Peer 1: 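Handing you a structure now.
The structure displayed is predicted, hence computed values, not measured ones. Throughout, numbering of the chain's residues begins at 1 and tracks the sequence. No hydrogens, no waters, no symmetry mates; every other heavy atom, side chains included, goes into these values.
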Amino acid sequence: MQMTDVTFNSTFAATLQYELHQPVLSLPLSLQIGDLTRLTTDGPAQLANSADDPIVKQALATLKSQVKPGAVLRVWWSTMPDDWVGFDWLCQQLVDTDAQLRQVITQPGLALQSLADLSEILPEDIAHYLQLAQVVSKNEQRAHSYEWQALVAENAPLRVNLNGHLVSVAADFYDSLLERQIQPGRPVVQIIGEMLMRYSLGLPDWWYRARIQHILSTRG
């Protein structure tokens, strides 16, 4: 049985590959932010042409080669928006194939919920999480594929986990948090560092920088 481990977090992919002593497919799709139509396809067969970034393009081509009868994909994801939307997208690709999908995801009461993202999982804890792997039924895959389709239709600038629900929101959704940090003479890099330390939102530093610039440009 062919097993392929998949994750949407590049840093965690390196850790997982080291611990499992086998290749891990990293899909850094960054689906929390931006236009989702960049990854829409007519079907799983066209995955290789879904993105322009060379790293993503190669990862998608590798995934395409793994989706075959008898294949098993074990995806590692969390309820951080990047992972969650990525899992929705993956279910969309696999629901009508013969490949089997398994998942390793946090469950209520487990330590993963206190982590900012998968990259914070300690290498020595991976064996524990492996025991949590579950088969994702076709009905579950279909439900997640419907969620992906809805997100694509909404195609908002940003997606967030709001009280346990994946929600499409406007680009300024977190601006109020940033505005509290913006003070005359305070360096932008310090503001970004404070946001990254204080809030586990899974947003990259470039997003904060862009929003800070937007806020400052509208203050007059």
Side-chain angles (χ1 to χ4, degrees), residues 1-33 55-56 59-60 62-63 65-68 70-95 97-145 147-148 159-167 195-205:
M1 180 177 62
Q2 179 184 354
M3 171 80 76
T4 301
D5 283 278
V6 180
T7 179
F8 306 101
N9 187 301
S10 297
T11 302
F12 178 64
T15 301
L16 192 60
Q17 182 167 304
Y18 179 81
E19 287 300 308
L20 297 181
H21 306 290
Q22 63 188 40
V24 172
L25 179 57
S26 173
L27 291 169
L29 303 179
S30 302
L31 298 180
Q32 179 179 9
I33 299 170
I55 295 176
V56 174
L60 292 172
T62 301
L63 176 64
S65 71
Q66 300 301 313
V67 179
K68 59 186 69 174
V72 179
L73 281 79
R74 181 170 58 198
V75 59
W76 298 68
W77 67 290
S78 70
T79 53
M80 295 299 290
D82 249 3
D83 284 349
W84 192 337
V85 184
F87 183 71
D88 284 350
W89 169 83
L90 185 60
C91 286
Q92 166 79 8
Q93 310 312 312
L94 299 181
V95 67
T97 73
D98 293 324
Q100 182 186 122
L101 182 63
R102 298 181 184 177
Q103 64 178 348
V104 180
I105 184 177
T106 176
Q107 297 291 333
L110 293 179
L112 181 56
Q113 289 184 315
S114 66
L115 304 178
D117 60 47
L118 291 179
S119 68
E120 296 186 4
I121 292 181
L122 297 175
E124 57 265 30
D125 291 336
I126 287 176
H128 165 71
Y129 287 109
L130 275 171
Q131 300 175 28
L132 306 177
Q134 304 172 339
V135 172
V136 184
S137 70
K138 287 300 179 183
N139 284 338
E140 291 175 287
Q141 291 179 44
R142 196 163 288 109
H144 280 278
S145 74
E147 185 169 57
W148 164 255
R159 279 141 302 264
V160 304
N161 182 340
L162 189 61
N163 297 324
H165 300 279
L166 192 57
V167 180
M195 292 296 296
L196 291 172
M197 286 194 337
R198 181 174 293 192
Y199 305 106
S200 298
L201 303 177
L203 289 164
D205 56 1

Peer 1: For Arg159 and Ile33, work out which heavy atoms get closest and say how close.
Peer 2: NH2-C, 3.4 Å
Peer 1: List the atom of Leu196, the atom of Leu203, and the distance in Å for their closest heavy-atom pair.
Peer 2: CD2-O, 3.7 Å
Peer 1: Can you confirm whether the side chains of Asn139 and Ser137 place a donor and an acceptor under 3.5 Å from each other?
Peer 2: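 Their side chains do not contain a donor-acceptor pair, so the 3.5 Å distance test is not met.
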Peer 1: To the closest 0.5 Å, what do you measure between OG1 (Thr7) and CG (Asp117)?
Peer 2: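 Result: 9.5 Å between the selected atoms.
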Peer 1: To check you understand the geometry: which heavy-atom pair defines the closest contact between Ser26 and Ala13, and what is its length?
Peer 2: CB-CB, 3.7 Å
Peer 1: What side-chain donor-acceptor pairs closer than 3.5 Å can you find for residues 81-88, not counting sequence neighbours?
Peer 2:
residue	atom	partner	partner atom	Å
Asp82	OD1	Leu31	N	3.1
Asp82	OD1	Gln32	N	2.7
Asp83	OD2	Ser78	N	3.1
Asp83	OD2	Ser78	OG	2.8
Trp84	NE1	Glu147	OE1	3.1
Asp88	OD1	His144	ND1	2.6

Peer 1: Which distance, rounded to the nearest 0.5 Å, do you find between the NZ of Lys68 and the OG1 of Thr97?
Peer 2: 12.0 Å
Peer 1: Got a list of side-chain donor-acceptor pairs under 3.5 Å for residues 16-25, not counting sequence neighbours?
Peer 2:
residue	atom	partner	partner atom	Å
Gln17	OE1	Val24	N	3.2
His21	ND1	Tyr18	O	3.4
Gln22	NE2	Asp5	OD2	2.9

Peer 1: Mind listing the closest non-hydrogen atom pair of Met80 and Leu201 along with its distance?
Peer 2: CE-C, 3.5 Å
Peer 1: Determine whether Ile121 and Thr15 satisfy the following criterion, side-chain contact (heavy atoms from CB on, under 4.5 Å), listing intermediate values before the conclusion.
Peer 2: CA-CA 9 Å; Ile121 292 181; Thr15 301; over 6 Å; no
Peer 1: Distance from Ile105 atom CD1 to Leu118 atom CG, nearest 0.5 Å?
Peer 2: 9.5 Å
Peer 1: Within this structure, what is the CD-CZ distance for the pair Gln92 and Arg142, rounded to the nearest 0.5 Å?
Peer 2: 10.5 Å
Peer 1: Working to the nearest 0.5 Å, report the span between CG of Leu90 and CH2 of Trp77.
Peer 2: 10.5 Å
Peer 1: For Trp148, enumerate each residue passing the side-chain hydrogen bond (donor to acceptor under 3.5 Å, both in side chains) test, keeping only those at least two apart in sequence or located in another chain.
Peer 2: none
Peer 1: Closest approach of Glu140 and Val135, non-hydrogen atoms and distance?
Peer 2: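 Distance-wise, the nearest heavy atoms are OE1-O, 3.8 Å.
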Peer 1: For the NZ atom of Lys138 and the CG atom of Leu101, what is their distance to the nearest 0.5 Å?
Peer 2: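 Answer rounded to 0.5 Å: 7.5 Å.
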Peer 1: Do you know which of Val104, Val6, Asn9 makes side-chain contact (heavy atoms from CB on, under 4.5 Å) with Trp76?
Peer 2: Val104
Peer 1: Considering only heavy atoms from C-beta outward, does the side chain of Tyr129 approach that of Leu132 to under 4.5 Å?
Peer 2: yes
